[in-house]
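Contents: one structure, followed by commentary.
All of these numbers come straight from a predicted model, not from anything done at the bench. Below, each value reflects all heavy atoms present in this structure, side chains not excepted, and no hydrogens, waters or symmetry copies.
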Amino acid sequence: MTGIVDVGGGMRGIYPAGIFDYLIEKGITFDYAIGVSAGSANLVSYIAKQHRRNFHFYYEYAFRKEYMSMKNYIRKGSYIDLDYIYSELSDETGENPVDYDTFSKAESRFSVVATNALTGEARYFDGKEMKKNNYDILKASCCVPLACKPYVIDGIPYYDGGVAEPVPYRKAFEDGCDKVVVVLTRPRDYLKGNQENMLMIKHKLRKYPETVKKIYNRNMKYNKDVKELKELEKTGKVFIVAPENCFGINTLKKEKKAMKLFYEEGYKDGIKIEKFLKSIN
């Protein structure tokens, strides 16, 4: 069983968006897909076979004040308006709706990672919990600390899945995969440094001390996970795809020329996945 992991990374998600457009064009699918943060949204469009849909969200909609702005933060308490992105734009009456019928009929199993703000632990939502016009699990997974207030589902507040589980490859193996492609959105040899703004994070998230601990230690977990992935890659169980250049794009940084280059790098790297899958068949 083949699986794919998209680790997300805010605006850096335009790199895997390019990869998935290549895979859609080639008719390449996976038995299993798991997404973190923006990676979960990328995978929904990929599974629904919606070519270039993700590109428009990064390259066009992200520049709208309704998408992310200080105006949102002042009015709603969140810099990123998750309801605008995953409801107003994505519902069946929205500007760029999810093709939920195609998504729901796909054979690929889908999982979404979010962080329970109260416990700091990962919550793995099954894709079947996502219904037409109800994409709350994506909102939970994409809820960036500081940039957003926690997103509440069934009374439980959630933050970005990358807080608890930045690279959820183990879950893919636990769920039955024997070969896993992991799409990183930073160069494969990148080492994540200490979290900045910890004093602000401790203050803003003072109701959620377990999540604060996970944020503080996230760099160590990410670096450990990537090191282990490199070892697994030597066995053939894992294949890592990562950009050589991020063109200055980070979680919230937007610059159209750089984003287009980053998307194109992803599109070109799609062939690496195609070759890997052919080598194991």
Carefully, step by step, assess Tyr216 and Asn194 under the rule side chain to side chain donor-acceptor pair (under 3.5 Å).
-> CA-CA 7 Å; Tyr216 181 78; Asn194 293 333; over 6 Å; no
Face-on cation placement of Arg12 at Tyr15 ring, 6.0 Å and 45° thresholds =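 Judged by the rule (NZ or CZ under 6.0 Å from the ring centre, within 45° of its axis), Arg12 is not positioned above Tyr15.
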What residues, two or more places apart in sequence or in another chain, satisfy ring pair (Phe, Tyr, Trp, His ring centres under 6.0 Å) together with [X]?
X	answer
Phe55	Tyr59, Tyr263
Tyr79	none
Phe173	none

For residues 195-207, which side-chain donor-acceptor pairs fall under 3.5 Å, sequence neighbours excluded?
| residue | atom | partner | partner atom | Å |
| --- | --- | --- | --- | --- |
| Gln195 | OE1 | Arg218 | NH2 | 3.0 |
| Lys204 | NZ | Tyr73 | OH | 2.9 |
| Arg206 | NH1 | His203 | O | 2.5 |

Closest non-hydrogen atom pair, Ser40 against Leu138 |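 Answer, listing the atom of Ser40 first, then Leu138: OG-CD2, 3.6 Å.
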Looking only at atom types and distance, does a side-chain atom of Thr115 sit under 3.5 Å from a main-chain N or O of Ala117, one as donor and one as acceptor?
->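 Checking the backbone N and O of Ala117 against the side chain of Thr115, no donor-acceptor pair under 3.5 Å is found.
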Pairs meeting criterion salt bridge (Lys or Arg N to Asp or Glu O under 4.0 Å) with involvement of [range], two or more places apart:
range	answer
residues 129-139	Asp83-Lys139, Asp101-Lys132, Arg123-Glu129, Asp136-Lys139
residues 270-280	Asp269-Lys272, Glu274-Lys278
residues 57-73	Arg64-Glu95

Mind checking whether Phe20 and Tyr46 have ring centres under 6.0 Å apart?
->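 Here the rings of Tyr46 and Phe20 have centres that are less than 6.0 Å from each other.
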Residues two or more places apart in sequence or in another chain: which of them pass side-chain contact (heavy atoms from CB on, under 4.5 Å) with Lys268?
->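 Here no residue qualifies.
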Salt bridge (Lys or Arg N to Asp or Glu O under 4.0 Å) with Glu92: which residues, sequence neighbours excluded?
->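 Here no residue qualifies.
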Salt bridge (Lys or Arg N to Asp or Glu O under 4.0 Å) with Lys237: which residues, sequence neighbours excluded?
->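 Here no residue qualifies.
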Pairs meeting criterion side chain to side chain donor-acceptor pair (under 3.5 Å) with involvement of residues 239-261, two or more places apart |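 Applying side chain to side chain donor-acceptor pair (under 3.5 Å) to every pair that reaches into residues 239-261, excluding sequence neighbours, yields Lys260-Glu264.
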For a quick test of your reading: what N or O donor-acceptor pairs under 3.5 Å do the side chains of residues 26-37 make, sequence neighbours left out?
| residue | atom | partner | partner atom | Å |
| --- | --- | --- | --- | --- |
| Asp31 | OD2 | Thr2 | N | 2.8 |
| Asp31 | OD2 | Thr2 | OG1 | 3.2 |
| Tyr32 | OH | Ser111 | OG | 3.4 |
| Tyr32 | OH | Asp175 | OD2 | 2.8 |
| Ser37 | OG | Asp160 | OD2 | 2.7 |

